[in-house]
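Written out below as structure tokens is the structure these notes cover.
Note that the structure is a prediction, hence the values are computed from the model and not measured. In what follows, chains carry the letters A, B, and so on, assigned in the order in which the sequence lines appear, proteins first and then strands, with residues in each chain numbered from 1.
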Amino acid sequence: MIEVKNLSKNYGDRAAINALNFTVKKGEVVGFLGPNGAGKSTTMKIITGYMAPSSGEVQVAGFDVFENPLEVKRRIGYLPETPPVYHDMFVRDYLTFVANLKGVDKSRVKTLVASALEKTTLNDVAGRLIGNLSKGFKQRVGLAQALVSDPEILVLDEPTVGLDPKQVSEMRDLIRQLRGQHTIILSTHILPEVQASCDKVIIINRGAIVAEDSLENLSKRMSGGGRSIHVRVRRNQDAVVRAIAGVTGVRKVTNAGNSIEIEADAQEETVEQVAALIVNQGAGLVELKVQSLALEDIFIKLTSPGGAA
Amino acid sequence: MRGTLTLAGKDLRNLLTNPLFYVIAALANVVWSFNYMRGLLQFAQRSLAMSQPGMEAGLSLQREVFLAHISYVHLLFVFLIPALTMRLLAEEKRLRTYDLLLTSPVTATQIALGKFLGGLGAVSVLILISFIYPLATRAVGAYPFVPLLAAYLGLLLVSAVYVAVGLFASALTESIMLSVIMALIFNLMLWFVSQGLGEQAGTAGAVMEYIGLGQHFTGFIMGSIKLNSLVYLCSVIGFFVFLTQRVVESSRWR
């Protein structure tokens, strides 16, 4: 659906992105991840035809973004970082305007506006001025704007930024509902968002892709098939740490003050042994949590200097 | 075509529902009605004096009253149109709604044309309001109508020039303040380029005389439609809309 080849963009002397290559298949939900200033927004702006790259090419649904910008734009719904809303328009009028601007069939405008209002649960505020809405609602109007032309592809640039926790979880639910109907690219630097909604992750740092894979594969690869065990005990913590270090399959034990962090291999036996050991020592086990390497750890590993995979 | 009209409709509505438009219309009408009334009463007195036996009844309503009225309308437009057009593109950039326009399936030409038509629509409403004055005068006395229409065609074209200039100024910047000042300066330049040229100015002087709006506008006000003036005004409008189109397009390859 989207093919990016050798894409580079320079702002003056500074390279924002450098020779990016990736593809997104139809129906996929792809998380575009990276620290601030990594080049996420730049890449998205180029895909949407907002700006031209310095070199390289982008194809969307078989159309080249620069040869055939109108065809590409017709197929993309784009939510920029700042929702592009007119403060002196009513929500419904605004969506109708966007639908017309996107060249939607005249007979479908009304239905599409109604369904966009429905999907984003904006019906209650459809008759209000956008300028009077709260930030979260404006963000939702921005999303409704991206949805209103029923595009094949949705490009969402940090859709949850500036929302309160409840609105963030609503936005995630909404994105999950949209999966299957649209191909979605969403950028963020908030990790749980990706974990919650994406099939595939592209991690970008300083303008280059450092990882591109499904979430599972990524965590398997990065941890070398291991897991981490988090343990809390009531007594004899130091003794327990020393004892665990001797268990086969345990790679590293850290005494983190009020808890013990263990890096182990992927065998369930190892976990069993660790647990048995703590109980036998009478240390008073209060908590034991096994987790595969979290996205957060992967992210930090990949984006810290010299940490690329 | 549809993209152009969608944009034009949106901008026209935004302009006409903005309080600024009402302030401008109200203030303009205070000036116009005061001057029109005074002009008309003076005209009535003088034509009474002229109609004494033995005198030729040679006073023209067009030359004595409408000319002054249209000049006032025009004078205010030089300053008011930039205030109307200042937001057309500058505000889109400031509010980041420009992103929406540039990622929608519309061309830069459609954006420039739509914005121009929206602005011209709002100005046309002001022109129609100013047209009420001579129209109302018809209730008290007959006068030849066609020269008046010619004068208003001239007013419309010159206003369209100011809209195109204001749109171009608005495309250049994110700052509304800067946009209005630039538009004003461009307007005054178009007007003053032909001022104060003596006989000795020669060919350069003739060119500048032709470039200035004054000569062309005066022709229309006097009731004559000249082909070269029509071509000139339309070219200036087209030129500034074209420049706007280039500025909008440029954001794609910068």
So does [X] have more than 12 non-hydrogen atoms from other groups sitting under 6.0 Å from [atom1]?
X	atom1	value
F239(B)	CZ	no
R172(A)	CZ	yes
Q181(A)	CD	yes
Y232(B)	OH	yes

Heavy-atom pair with the smallest gap, counting every atom of [X] and [Y]:
X	Y	result
T103(B)	T48(A)	CG2-OG1, 3.7 Å
T6(B)	L101(A)	CG2-N, 3.9 Å
L102(B)	K73(A)	O-NZ, 2.8 Å
D99(B)	P80(A)	OD2-CB, 3.7 Å

Subject >> Interface residue of largest heavy-atom contact number with chain A, from R96(B), R2(B), E92(B), under 4.5 Å >> reply: R2(B)
**OP:** Calculate, to the nearest 0.5 Å, the distance between atoms CG and OG belonging to L70(A) and S104(B) respectively.
**Re:**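 Between atom CG of L70(A) and atom OG of S104(B) there are 10.5 Å.
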Original post:
If you measure from CZ on F97(A) to CZ on R13(B), what distance do you get to the nearest 0.5 Å?
Top reply: 10.5 Å
With a 4.5 angstrom heavy-atom cut-off, is it the side chain or the backbone of [X] that approaches chain B, or both, or neither?
X	value
V98(A)	side chain
E71(A)	neither
Y78(A)	side chain

**OP:** Check the pair Y94(A), L100(B) against side-chain contact (heavy atoms from CB on, under 4.5 Å), reporting the backbone distance first and the verdict last.
**Re:** CA-CA 12 Å; Y94(A) 169 69; L100(B) 171 65; 3.9 Å; yes
Original post:
When only pairs under 4.5 Å are counted, which of K106(A), Q145(A), R75(A) shares the most heavy-atom pairs with chain B?
Top reply: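 That would be K106(A).
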Original post:
Under a 4.5 Å heavy-atom cutoff, which of V85(A), V155(A), V104(A) has the most pairs with chain B?
Top reply: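 Of the candidates given, the most pairs with chain B belong to V104(A).
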Subject >> Pair N14(B)-D88(A), side-chain contact (heavy atoms from CB on, under 4.5 Å): steps then yes or no >> reply: CA-CA 7 Å; N14(B) 279 7; D88(A) 49 0; 3.8 Å; yes
Original post:
With a 4.5 Å limit on heavy-atom distance, are the side chains of S251(B) and M51(A) in contact?
Top reply: no
